[in-house]
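Below: the structure, in structure tokens.
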Amino acid sequence: MALTLTSSSLALEHTLSCLHKCSTEVELKQVHARMLKSGFFRDPYAITKFLSTCLSSSFSSYAQDVFLNGLDRPDTFLWNLMIRGLSSSDQPESSLLLYHRMLSSSATHNPYTFPFLLKACSNLSAFHETTQIHAHLTKLGYGNNIYSLNSLINSYAVTGHINHARLLFDRIQEPDLVSWNSLIKGYAKAGEMDTALTLFRNMPLPPEAGKKSNNAISWTTIISGYVQAGMNKEALQLFHEMQSSNVPPDKVSLASALSACAQLGALDQGKWIHSYADKQRISIDSVLACVLIDMYAKCGDMEEALRVFKNVSKKETRSVQVWTALISGYACHGLGGEVIRKFEEMQEKGVRPNAVTFTALLTACSYTGLVEQGKSVFYSMERDYKVKPTVEHYGCMVDLLGRAGLLDQANRFVREMPMKPNAVVWGSLLKACQIHGNVEMGERIGEMLIGMDPDHGGRYVHMAKIHAMGGKWDKAAETRRLMKEQGVAKVPGCSTITLEGTTHEFTAGDRSHEEIERIRTKWRSVRRKLEENGYVPELEDMLLVDLADDDEEREAIVHQHSEKLAVTYGLMKTKPGTTIRIMKNLRVCKDCHKVMKLISKMYKRDIVMRDRTRFHCVRDGKCTCGDYW
DNA sequence: GTAGGGTTAG
């Protein structure tokens, strides 16, 4: 008897280990069938294992089916298991629907049920459902349960109702770390970073301060708050402060800090974090791989991004997100060929592309002018991959067609899209009108767009240029005046260059840098050298945008553009042959682009420049964007 | 059981 038991539990273990390896539904069904046949499905442990495996590996609808049709009166524990699993599945709403069925079943709720349900609300960002569950759990007597309270605070915070969160928080007699962290996140989400930081600074240390990981969560909450607010420098400062406070960073805090590095283009700090993870033997899971690949890509180092990609373990490589991070990296480097190759390779490995993957593909086609390729990708999305195009994908297509000068097709695309075009879509079309000089269409769209989105400076700039192109100077001046009246500030151009760990920041016409006079002198000599080689300034991009009245004045302004100051500083401060890396917050203007190409040739320097949306890798007078940007 | 992390058009 003892022997049979052992062998049957061994067989169970074996079956369960097969379960983990399932990657298709057919495989899953086979294991399920084997479990049914051998009677394992009467074992509660086996059922639990089976359901949780399904739930955690994107077979949640299969789990639902088995749960609802294949089990006899599941107990509260199993209901909770299902509600929890579904709350973080790709359809969190099914978690709430299942709860409705639970209400009419023989099982009863327990204190665990509500945090799971609220998790579903958070993932759905569902405020209304949160209030309903709030009322419901209060009536059922869980109103003072700290887990439920914290989950409520979190749901209200996530859905952007910080006042609801605060009211609850203030009523808790002894808020714990989770309460504090959820509240802090709520203020961060609401953009109230000052309040969030004040709370963070003043929160009481946990009595059981030995739990270091808890401290790490508070730190990460505030750090990622800053990252989401676009305040990446502040985020990195806090990350350093975290270390000097002897709270060792874990995976999650490293991931936050890495995304700050990605946005700042801070390669050195990013590398440091990467090697820190290696030294601490922190394994690179798929999320860390994603942010590392993204960081290296956004810092201009695709070789290193690829190395990270190759080093992630087989299981992690399967994640769509990791593939997509790499593909997006190639896209923003304008490497259309690599994008397509990796896309194919990914499918050979059996990884299904998601909506984001397609955005990356379409972006790459747009950047490299692959119109036919882009169209075929777009039309294959739903047909071959069952990925429904969203407004973002339509936006990419408008951009693709518009850039290529196919304005009528782009226009038709907007009119025929099944959803309401957003400001970004119209913005792409407007920009295309400006690039290709379609005054009539441009004026029509520009007017509408300014009405739709009056705080967006870029629209006025395009609009003024379009009026000017049509010779309507009075209208151009009026647009400029309107922009001023609305108090819409043009975001100042800003370029940075990092040398020996110090980031130098330049804005247009800025004289605050301590070596500014030497830089200006150097630029004059660089300019002479370029002029001797045929350089004539390109003033087209500046038409009426800057407050200049004649070409001479425009020229003076264009020579003070921030990327010119940065590249000049790079020439001064680095050894011959060193690659110069520049990050810019706006798009590079035509003149600066021309200058970069000339410098790369005359001074034999590679220049890697990241602008608002993509990379320009300039070598020997040529840019990887092929002058198509 | 509740709190912190990923790729995305302009």
Side-chain angles (χ1 to χ4, degrees), chain A residues 77 80-81 83-84 110-116 118-119 122 145-155 157-158 176-186 188 213-225 227-228 249-259 262 285-295 297-298 319-329 331-332 353-364 366-367 390-400 402-403 422-432 456 458-459 462 586-587 612-614:
Chain A
F77 177 85
N80 286 345
L81 178 83
I83 290 171
R84 174 173 53 163
N110 69 10
Y112 289 75
T113 313
F114 299 97
F116 298 152
L118 289 164
K119 180 85 181 173
S122 304
N145 176 292
I146 189 70
Y147 288 96
S148 288
L149 278 166
N150 286 341
S151 301
L152 280 170
I153 293 174
N154 186 56
S155 291
V158 165
D176 63 8
L177 256 182
V178 180
S179 328
W180 280 95
N181 291 340
S182 301
L183 191 69
I184 290 170
K185 181 170 88 178
S213 61
N214 283 347
N215 286 324
I217 294 181
S218 307
W219 280 97
T220 313
T221 305
I222 192 77
I223 291 171
S224 64
V227 174
Q228 270 145 33
D250 60 6
K251 278 183 192 213
V252 186
S253 50
L254 294 182
S256 290
L258 281 167
S259 29
D285 65 10
S286 67
V287 175
L288 266 182
C290 260
V291 284
L292 276 169
I293 291 168
D294 184 51
M295 182 278 291
K298 292 215 168 89
S319 122
V320 218
Q321 286 93 331
V322 172
W323 281 95
T324 304
L326 186 73
I327 291 174
S328 305
C332 80
N354 66 16
V356 185
T357 319
F358 283 107
T359 308
L361 281 171
L362 294 173
T363 312
S366 177
Y367 286 174
T390 64
V391 69
E392 283 82 12
H393 300 106
Y394 280 89
C396 290
M397 285 307 287
V398 174
D399 194 55
L400 170 89
R403 265 176 212 267
N422 61 15
V424 177
V425 173
W426 289 117
S428 297
L429 196 53
L430 179 68
K431 200 181 78 189
H456 191 298
R459 320 282 192 228
H462 287 311
L586 303 176
R587 269 187 38 160
R612 193 182 174 73
T613 52
R614 63 163 298 157

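Naming convention: chains lettered A, B, ... in sequence-line order (proteins, then strands); numbering from 1 in each chain.
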Base, sugar-phosphate, or nothing: which does A:Val322 touch, judged by heavy atoms less than 4.0 Å apart?
base
Would you tell me whether A:Ser122 and A:Ser155 have side-chain atoms, one donor and one acceptor, within less than 3.5 Å of each other?
yes
Give the rounded distance in Å between these two atoms: CG of A:Leu149 and C1' of B:dG1.
14 Å
The nucleotide from B:dT7, B:dG10, B:dG5 with an atom nearest the side chain of A:Ser428 is B:dG10
Can you figure out which of B:dA9, B:dT7, B:dG10 approaches the side chain of A:Asp294 most closely?
B:dT7
Indicate, with a heavy-atom threshold strictly under 4.0 Å, whether A:Val398 touches base, sugar-phosphate, or nothing.
nothing
Quick check for you: among B:dA9, B:dG6, B:dT2, whose closest atom lies nearest to any side-chain atom of A:Val287?
B:dG6
Applying salt bridge (charged side-chain N to carboxylate O under 4.0 Å, His left out), name anything that partners A:Lys298, two or more places apart in sequence or on another chain.
A:Asp294
Touch class at under 4.0 angstrom, heavy-atom based, for A:Arg84 against every strand present:
sugar-phosphate
Nucleotide nearest A:Lys431 (side chain, heavy atoms from C-beta), chosen from B:dG10, B:dA3, B:dG6
B:dG10
Just N and O in the side chain of A:Asn154: are any of them under 4.0 Å from OP1 or OP2 of B:dA3?
yes
Measure the distance from NZ on A:Lys119 to P on B:dA3 and round it to the nearest whole Å.
4 Å
May I ask you to say what A:Val424 touches in the nucleic acid, namely base, sugar-phosphate or nothing, with a heavy-atom cut-off under 4.0 Å?
base
Any side-chain heavy-atom pair of A:Cys396 and A:Thr359 under 4.5 Å:
yes
Closest to the A:Ile217 side chain, choosing from B:dG1, B:dA9, B:dA3:
B:dA3
Please give, in whole Å, the distance from B:dG10 C1' to A:Leu400 CG?
14 Å
Side-chain contact check for A:Asp399: nearest option of B:dA9, B:dG5, B:dT7 is B:dA9
Taking OP1 and OP2 of B:dG6, is either one under 4.0 Å from a side-chain nitrogen or oxygen of A:Lys251?
no
Taking the side chain of A:Ser328 as its heavy atoms from C-beta onward, which of B:dT7, B:dT2, B:dA9 lies nearest to it?
B:dT7
Rounded to whole Å, please give me the gap between OH in A:Tyr394 and P in B:dG10.
18 Å
Would you say A:Lys298 reaches B:dT8's phosphate, i.e. side-chain N/O to OP1/OP2 under 4.0 Å?
yes
Specify the separation, in whole Å, of atom CG of A:Leu430 and atom C1' of B:dA9.
16 Å
Categorize A:Ser148 for me: base, sugar-phosphate, or nothing, with a 4.0 angstrom heavy-atom threshold over every strand shown.
nothing
Sugar-phosphate only, base, or nothing, as touched by A:Ser151 at under 4.0 Å among non-hydrogen atoms:
sugar-phosphate
Closest non-hydrogen atom pair, A:Val424 against A:Arg459:
N-NH2, 4.4 Å
In terms of side-chain heavy atoms of A:Val356, which of B:dA9, B:dT7, B:dT2 is nearest?
B:dT7
Rounded to whole Å, please give me the gap between CG in A:Asn422 and P in B:dT8.
18 Å
Contact class for A:Ser319 (heavy atom, under 4.0 Å): base, sugar-phosphate, or nothing?
base
Can you tell me if A:Gln321 touches the phosphate of B:dG5, counting only side-chain N or O atoms and a distance under 4.0 Å to OP1 or OP2?
no
To the nearest Å, how far apart are A:Asn181 CG and B:dA3 P?
11 Å
What is the distance, rounded to the nearest whole Å, between atom CG of A:Leu258 and atom P of B:dT7?
11 Å
Check every strand shown and say whether A:Leu288 touches a base, only sugar-phosphate, or nothing at a heavy-atom separation below 4.0 Å.
base
Nearest listed nucleotide, side chain of A:Leu177, among B:dG6, B:dT2, B:dA3:
B:dA3
Quick one: the side chain of A:Asp285 and the base of B:dG6, do they pair up donor-acceptor inside 3.5 Å?
no
Shortest non-hydrogen contact from A:Pro115 toward A:Tyr147
CG-CB, 4.0 Å
No-hydrogen, no-angle side-chain donor-acceptor test under 3.5 Å, A:Asn181 and A:Thr221:
no
Going by salt bridge (charged side-chain N to carboxylate O under 4.0 Å, His left out), name the residues that satisfy it together with A:Arg403, two or more places apart in sequence or in a different chain.
A:Asp399
At under 4.0 Å between heavy atoms, what does A:Arg403 touch on the DNA or RNA strands: base, sugar-phosphate, or nothing?
sugar-phosphate
Using a 4.0 Å heavy-atom cut-off, does A:Tyr367 contact any base of the nucleic acid, only the sugar-phosphate backbone, or nothing at all?
sugar-phosphate
